[in-house]
Amino acid sequence: MNLVTTIIIIATALSTILAIVSFWLPQMAPDHEKLSPYECGFDPLGTARLPFSLRFFLIAILFLLFDLEIALLLPLPWGDQLSSPLFTFLWASAVLALLTLGLVYEWLQGGLEWAE
């Protein structure tokens, strides 16, 4: 038997054993709290027309924006292998500068203040 077949058999056996153990091991004793849906701290059985703070949405959008920035900058270390790494560095610097200016603008406008 060759190495590839042995690795496939071991991986399949290990996956099957772990799947079987994961079904038998946990304790199945759900209570009322575990069965109720979680709705970001709100009562799921109450009315859906509660007033909601728009600052929460602003903070969430800013988080997504800077999370996207990280995703855009992840391939940057491989940019030095291109024919012109300086061009890649300039584009990354432009993205960072634009996002930094946006953050400074939000900060100066008071958009990051949670309590008024």
Side-chain angles (χ1 to χ4, degrees):
M1 206 164 26
N2 60 10
L3 183 64
V4 175
T5 308
T6 306
I7 290 174
I8 290 174
I9 290 172
I10 291 173
T12 305
L14 186 62
S15 300
T16 305
I17 290 169
L18 289 175
I20 290 171
V21 167
S22 72
F23 280 113
W24 292 97
L25 192 61
Q27 299 175 357
M28 297 298 223
D31 58 355
H32 178 68
E33 291 296 322
K34 286 185 180 179
L35 292 176
S36 67
Y38 180 70
E39 298 289 338
C40 299
F42 291 110
D43 182 21
L45 302 176
T47 179
R49 303 289 183 209
L50 292 175
F52 198 72
S53 174
L54 290 179
R55 294 200 184 272
F56 173 78
F57 288 115
L58 177 65
I59 299 296
I61 288 172
L62 286 174
F63 172 77
L64 289 175
L65 179 71
F66 287 103
D67 195 38
L68 179 64
E69 167 199 349
I70 293 171
L72 287 174
L73 295 177
L74 276 176
L76 187 61
W78 291 279
D80 63 347
Q81 299 174 1
L82 296 174
S83 59
S84 60
L86 183 62
F87 188 65
T88 305
F89 177 73
L90 289 175
W91 274 107
S93 298
V95 168
L96 281 174
L98 182 66
L99 288 172
T100 304
L101 287 173
L103 178 64
V104 168
Y105 176 76
E106 285 292 327
W107 195 326
L108 292 176
Q109 293 296 319
L112 300 177
E113 298 293 328
W114 188 259
E116 295 179 14

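Each residue takes its place number in the sequence, starting with 1. Just so you know, these numbers come straight off a predicted model, no measurement behind them.
Note that the CG atom of L68 and the CG atom of L73 stand 9.5 Å from one another [nearest 0.5 Å]. A distance of 13.5 Å separates CG in L14 from CD1 in I9, rounded to the nearest 0.5 Å.
Here I20 pairs with T16, W24 under the side-chain contact (heavy atoms from CB on, under 4.5 Å) rule; sequence neighbours left out. Residues passing the side chain to side chain donor-acceptor pair (under 3.5 Å) test with N2, sequence neighbours excluded: T5. Remark: I10 engages T6 in a side-chain contact (heavy atoms from CB on, under 4.5 Å) (not counting sequence neighbours). Under the side chain to side chain donor-acceptor pair (under 3.5 Å) criterion, S83 pairs with no residue, sequence neighbours left out.
Taking Ile, Leu, Val, Met, Phe, Trp and Tyr as members and joining any whose side-chain heavy atoms lie under 4.5 Å apart, directly or through other members, I61 forms no hydrophobic cluster with any other residue.
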Kindly list each side-chain donor-acceptor pair under 3.5 angstrom involving residues 86-103, sequence neighbours excluded, with atom names and distances?
{"residue": "S93", "atom": "OG", "partner": "F89", "partner atom": "O", "Å": "2.9"}
{"residue": "T100", "atom": "OG1", "partner": "L96", "partner atom": "O", "Å": "2.6"}

